[in-house]
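Comments concern the structure below.
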Amino acid sequence: MLDFRTMRQELAEVYDLAPNPDLAEEMKDDYAKMDRVVSPPEWAVAAPYVRAINRLKKEKNAVILAHNYMTPDIYHGVADFVGDSLQLAIKATEVEAETIVQCGVHFMAETSKILNPAKRVLIPDMEAGCSLANSIGADGIKQMRAQYPGAPVVTYVNTTAEEKANSDICCTSSNAAAIVRALPEDTIIMAPDQYLAQNVARQVPEKNIVWWNGSCVVHESFTAQDLKDYRQWNPDTTIITHPECPPDVVDESDFSGSTSGIINYVREHKPKQALLVTECSMASNISDELPEVDFVGPCNMCPYMKKITLEKILWSLHAGVEEVHVDEDVAAKARVAVERMIDLSKKLGI
């Protein structure tokens, strides 16, 4: 665990991190990307960290990859590249910096390390885990293989390196249906997200899809009745869901897609009111870009994603701590599954 007292004491000795309204005004162009959802006092607190991190990135030859679920101060303030799991995995193969700082959860940092064994990969908080990644182990995948001999295993990227290493190919929510459809076998094992698998099964009815009973702590808590009630109260609201939601929840939506798919849909259609049935920061991160869209609740916070903060990013870069390591043999096997996903996605034009 992080020693917050030591961390804050050392950072205070090196950087001026006091709330600074003058600096906040000086950095008003950065603030304009998030001023609809971040208050001026909050920006005065964040601005010194944003300045310090962006300067330190240059000194350390580092790049920040941030998931769409990061908070706006990270997403707009310090990220060099933002996106969903597939976009970040692809970008991890393209960056030239010596150090990658993964602002997301641990499996994402592992994926970057798998694809870049010679680079240093940092995650600002090692405890930023994932309920899906915790729901299955390598033994679970072996169990599914024994139950369905000959069926390929399509493993969601929301898994550990060891689980990827025991898979045939990985997928993300944005490419899962296309990858399953492209495989020659009739029976496909999908793990560990039962709801993603069930939603893919409806998109690819020609396949016999079987799944592990894992789920995302954020998306499984939404219910179809919640959306029915909201639509009754607000009939003009466009409801947009993530495919990690249960199928009956997806059925109540106007569109369902990955985090990048959701962002693209809202950008294209610009609904007057939009309810994003996913992690809260999604709406916050595109709110200022789309002032004509009224983003309405409810939403759920991911407790793991929210472990990543500006303070922890600065400390990780400053001290070079929270470095991610993956066993070489495990990484080599996992790399095959991840690269198959990337290569097939490119071939399919995703």
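There is a side-chain donor-acceptor pair under 3.5 Å between E42 and S39. Side-chain polar atoms of T6 and D3 form a donor-acceptor pair below 3.5 angstrom. In this model, a donor atom of one side chain and an acceptor atom of the other lie less than 3.5 Å apart for D229 and Q225. At a cut-off of 3.5 Å, with distance as the only test, a side-chain donor of E244 or Y156 sits close to an acceptor on the other residue. Side-chain contact annotation: S281 with K306, donor-acceptor N/O pair under 3.5 Å present. Using a 3.5 Å distance cut-off with no hydrogens or angles, the side chains of N134 and S131 do not pair a donor with an acceptor.
Side chains of T259 and M282 form a contact here, defined as non-hydrogen atoms less than 4.5 Å apart. The closest side-chain heavy-atom distance from S167 to I141 is below 4.5 Å. Side-chain contact between S85 and F107: present, with at least one pair of heavy atoms (C-beta onward) separated by less than 4.5 Å. The closest side-chain heavy-atom distance from Y195 to V249 is not below 4.5 Å. By the 4.5 Å heavy-atom criterion applied to side chains, T155 and C171 are not counted as neighbours.
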Item to complete: Tell me, with the steps shown, if M341 and I179 meet side chain to side chain contact (heavy atoms under 4.5 Å, CB included).
Response: CA-CA 8 Å; M341 173 190 72; I179 283 179; 3.8 Å; yes

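We find that K57 and D80 are joined by a salt bridge, their nearest charged nitrogen and carboxylate oxygen being less than 4.0 Å apart. We find that E94 and K91 are joined by a salt bridge, their nearest charged nitrogen and carboxylate oxygen being less than 4.0 Å apart. D254 has a carboxylate O that lies under 4.0 Å from a charged side-chain N of R231, or vice versa, which qualifies the two as a salt bridge. Here K333 does not pair with E328 in a salt bridge; the nearest charged N to carboxylate O distance is not below 4.0 Å. The pair E322-K312 does not meet the salt-bridge criterion, since no charged nitrogen lies less than 4.0 angstrom from a carboxylate oxygen. In this structure, R267 pairs ionically with E289, as a charged nitrogen and a carboxylate oxygen lie closer than 4.0 Å. The existence of a salt bridge linking K119 and E98 is excluded, since no basic side-chain nitrogen approaches an acidic carboxylate oxygen closer than 4.0 Å.
Remark: R202 pairs with N199, D251 by the side chain to side chain donor-acceptor pair (under 3.5 Å) rule, at least two apart or across chains. With sequence neighbours left out, the disulfide bond (SG atoms under 2.5 Å apart) criterion links C302 to no other residue. For S287, the side-chain contact (heavy atoms from CB on, under 4.5 Å) partners at least two apart in sequence or on another chain are R36, V37, F295.
Within the 3.5 Å criterion, the main-chain N or O of T241 finds a donor-acceptor partner in the side chain of S256. A distance-only check finds no donor-acceptor pair linking the side chain of N116 to the backbone of A118 [under 3.5 Å]. In this structure a side-chain-to-backbone donor-acceptor pair under 3.5 Å is present from R181 to Q203. When atom types are taken as modelled, the side chain of K207 and the backbone of A201 share no donor-acceptor pair closer than 3.5 angstrom.
Rounding to the nearest 0.5 Å places CD1 of I136 at 11.0 Å from CG of D193.
Under the 30°/60° scheme for interplanar angles, the aromatic rings of H67 and Y69 are found to stand perpendicular. Relative ring orientation between F255 and Y265 is described as parallel, the plane-to-plane angle staying below 30° on a 0-90° scale split at 30° and 60°.
Between Y15 and H318, the ring centre distance stays below 6.0 Å.
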